[in-house]
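Mind looking over this structure? Questions follow.
Order of the sequence lines fixes the chain letters, A, B, ..., with proteins taken first and strands second; residue numbering starts at 1 for each chain. Since the structure is predicted, the reported quantities are computational estimates derived from the model, not experimental observations.
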Protein chains: 2
Amino acid sequence: MSVRQPSLLALPECANCPIRHRAVCARCEDDELKRLEEIKYYRSWQAGQTVVFVGDEMDFAATIVKGCATLTKYLEDGRTQMVGLMMPSDFIGRPGKPQAQFEVVAATDLMLCMYRRTPFEKLMQEIPHLSQRMLEMSLDELDAAREWMVLLGRKTAREKVASLLTSLFRRARLDAETEIRADLPLTREAMASYLGLTIETVSRQITGLRKDGLITLNGSRGIATPDFAALCRVAEKAA
Amino acid sequence: MSVRQPSLLALPECANCPIRHRAVCARCEDDELKRLEEIKYYRSWQAGQTVVFVGDEMDFAATIVKGCATLTKYLEDGRTQMVGLMMPSDFIGRPGKPQAQFEVVAATDLMLCMYRRTPFEKLMQEIPHLSQRMLEMSLDELDAAREWMVLLGRKTAREKVASLLTSLFRRARLDAETEIRADLPLTREAMASYLGLTIETVSRQITGLRKDGLITLNGSRGIATPDFAALCRVAEKAA
DNA sequence: CGATATCTTGAGGGCGATCAAACGAAGTGG
DNA sequence: CCACTTCGTTTGATCGCCCTCAAGATATCG
């Protein structure tokens, strides 16, 4: 892969932003949005590039505009565990702790709407609509993390893979209710990291699900399901 | 165990509260504290009693004053995974989602400082000190959940048990730096639920750590370590 | 002291990891 | 255009950690 510098882009208006109503700025009034607009800038990365390294001073907070980013933690001997899979409108950053606790990597081509840290934290103090939305989003992340813990701690390999696929299907069908296909934004390696498995086991389980007629493949990234409900049943949704 | 009704207790003053400076009310001014005091009440449970069942309408939020509570999620076939281990000053409740997503159980005898839900959510709107602290605590919970995900997804049984013990030691030495002993607030079953293991494996690993001289036991609940640093090394702390 | 949880220990098996190799797609250069 | 590399994926063979099932030991409490 050719390594290109992250590029700074022009500044579209917030009013036209595709994730305006779901991001951290969702509740902001027009005048509040203007203040955010003053400290924001856009930046893009190619799939595979690292956005933040562990321990880096994070001098920004950001919203994903396009693409998909992963948050990954490491053990000393190199074992890795993904701890966040962030999609458009999701927030990246940790007000109060500028040291990055995990690596942020662009899983696909990625565009972030970034806010300089200090001014952003100041705005959080001054704009309740901002901190309120921030709290909502943190609590949602926490709920997701807890669901994820059940997957990691108690589900079988097959259930894990089925759970990930259903979750990706759910996020992929952007208002296209009928579409039960998706292009995976993750490599097998990223899926393994998400699931607490090895690449080989992920591959075997995907093959198994295909042989059982629960999914169909189209290349290694394209995937679809003829029976979404059945796939959900395999995923053993929490009671 | 004799089942006794949870008891309602008298209302001590917030000013004398042992966890006043660490709980959700930590940043409140005196006048703000008074408003909280108006909607609060105390309630106690015995070890083993369930505080909230999955799906229950939670008409309160609460702070743990004394004791220890667990948050547990279930799969349909009965598999369980603990997703929260809450200690004094920790917050229990989910503003915005009154339906309980998990079961809350008193791991030890437990006392909660409880706030009625609707008035509490109103105060969160009106007292920035409250919602700000709430955000801080949620982000800390999220950090802890992500560390926990690494444990569940990638650590070996031995590392898992060592990690839990070091974490409990850390929380137990309440300003008593020199004390490297603790009474476990958890049964083997609760430990297994925390770690994504079976009771038997937990027991075997504890025996193993004892035989290796990393810990000493005193009954099944009392535990100490002659070399905390060594135990941490076994726990394979994340880089 | 007996009744009942809780915890420990043992034997055996299965699921997922590990090690290894083949396969396919995309890109490079002769 | 075709060898050749590179990288991601698939498939196979074997191993070992942890689960399962079972029994025994210990603690707790009436």
- Task: Answer yes when Glu76(A) and Arg233(B) have at least one side-chain N-carboxylate O distance shorter than 4.0 Å, and no when they do not.
- Result: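 No, Glu76(A) and Arg233(B) are not salt-bridged.
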
- Item | Arg154(A)/Glu236(A) ion pair, N-O < 4.0 Å |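 So Arg154(A) does not pair with Glu236(A) through a salt bridge.
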
- Message: I'd like to know if Arg204(A) reaches the base of dG12(D) with its side chain such that a donor and an acceptor end up less than 3.5 angstrom apart.
- Response: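 Such a pair exists between side chain and base.
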
- Message: Let's see if you can work this out: which of dC7(C), dA17(C), dT8(C) has an atom nearest to the side-chain heavy atoms of Thr201(A)?
- Response: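 In terms of side-chain proximity for Thr201(A), the closest of dC7(C), dA17(C), dT8(C) is dA17(C).
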
- Message: Without decimals, in angstroms, what is the distance between Ile206(B) CD1 and dT6(C) C1'?
- Response: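 So the CD1-C1' distance, Ile206(B) to dT6(C), works out to 12 Å.
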
- Query: Rounded to the nearest Å, what distance is computed from the CZ atom of residue Arg154(B) to the P atom of nucleotide dC18(D)?
  - Reply: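 Rounded to the whole Å, the gap is 14 Å.
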
- Item | Integer-rounded Å distance: dT9(D) C1' and Leu197(A) CG |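 From Leu197(A) CG to dT9(D) C1': 16 Å.
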
- Message: Nearest to the Ala157(B) side chain among dC18(D), dT11(D), dG10(C), which nucleotide is it?
- Response: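 For Ala157(B), the side-chain atoms sit closest to dC18(D).
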
- Protein-nucleotide distance (Gln46(B), atom CD; dT28(D), atom C1'), rounded to Å: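 Going from CD in Gln46(B) over to C1' in dT28(D) covers 15 Å.
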
- Nucleotide nearest Leu217(A) (side chain, heavy atoms from C-beta), chosen from dC19(D), dT9(C), dT10(D):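 Given the options dC19(D), dT9(C), dT10(D), the side chain of Leu217(A) is closest to dT10(D).
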
- Item | Summary of ring-ring contact (aromatic ring centres under 6.0 Å, His included) pairs that have at least one residue in residues 142-162 of chain A, sequence neighbours excluded |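 Listed by first then second residue: Trp148(A)-Tyr194(A).
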
- Query: Checking all strands, does Gly208(A) fall into the base, sugar-phosphate, or nothing category for heavy-atom contacts under 4.0 angstrom?
  - Reply: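 Touches nothing.
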
- Task: Give the nucleotide from the list dC7(C), dT10(D), dA17(C) with an atom nearest to the side chain of Arg221(B).
- Result: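 Given the options dC7(C), dT10(D), dA17(C), the side chain of Arg221(B) is closest to dC7(C).
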
- Would you say dT8(C) has OP1 or OP2 under 4.0 Å from some side-chain N or O of Ser203(B)?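 Yes.
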
- Query: Is there a side-chain polar atom (N or O) of Ser220(A) under 4.0 Å from OP1 or OP2 of dT10(D)?
  - Reply: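 For Ser220(A), the contact criterion (side-chain N or O under 4.0 Å from OP1 or OP2 of dT10(D)) is not met.
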
- Tell me, do Glu57(B) and Gln99(B) make a side-chain contact under 4.5 Å, heavy atoms counted?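 Of all side-chain heavy-atom pairs linking Gln99(B) with Glu57(B), at least one is under 4.5 Å.
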
- Task: Report yes if a donor N or O on one partner sits less than 3.5 Å from an acceptor N or O on the other, where the partners are the side chain of Arg158(A) and the base of dG16(C); otherwise report no.
- Result: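 Looking at the base of dG16(C), it does not pair with any donor or acceptor on the side chain of Arg158(A) (distance under 3.5 Å).
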
- For dA17(C), does either OP1 or OP2 sit under 4.0 Å from a side-chain N or O belonging to Thr198(A)?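 Thr198(A) to dA17(C) OP1/OP2: side-chain N or O found under 4.0 Å.
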
- Item | Distance below 4.0 Å between Thr207(B) side-chain N/O and dT9(C) OP1 or OP2 |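 For dT9(C), OP1/OP2 do have a side-chain N/O of Thr207(B) under 4.0 Å.
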
- Query: Do Ile64(B) and Met87(B) have side chains that get closer than 4.5 Å, going by heavy atoms?
  - Reply: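 Ile64(B) does not reach Met87(B) side chain to side chain.
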
- Could you state the CD1-P distance from Ile199(A) to dA20(C), rounded to the nearest angstrom?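 Taking atom P of dA20(C) as the reference, CD1 of Ile199(A) is at 16 Å.
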
- Message: Expressed as a whole number of angstroms, how long is the span from Glu159(B):CD to dC17(D):C1'?
- Response: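 Roughly 12 Å, once rounded to whole Å.
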
- Under 4.5 Å between any side-chain heavy atoms of Arg158(A) and Leu209(A), yes or no?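 Result yes, sub-4.5 Å side-chain heavy-atom pair found.
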
- In whole angstroms, how far is the C1' atom of dT10(D) from the CD atom of Gln205(A)?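 It is 13 Å, rounded to the nearest whole Å.
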
- Lys155(A) NZ to dC15(C) P: how many Å, rounded?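 It is 18 Å, rounded to the nearest whole Å.
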
- Any N or O donor-acceptor pair linking the side chain of Glu200(B) to the base of dC18(D) at under 3.5 Å?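 Donor-acceptor pair under 3.5 Å: no.
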
- OP1, OP2 of dT8(C) versus side-chain N and O of Arg188(B): anything below 4.0 Å?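 Yes, within the criterion.
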
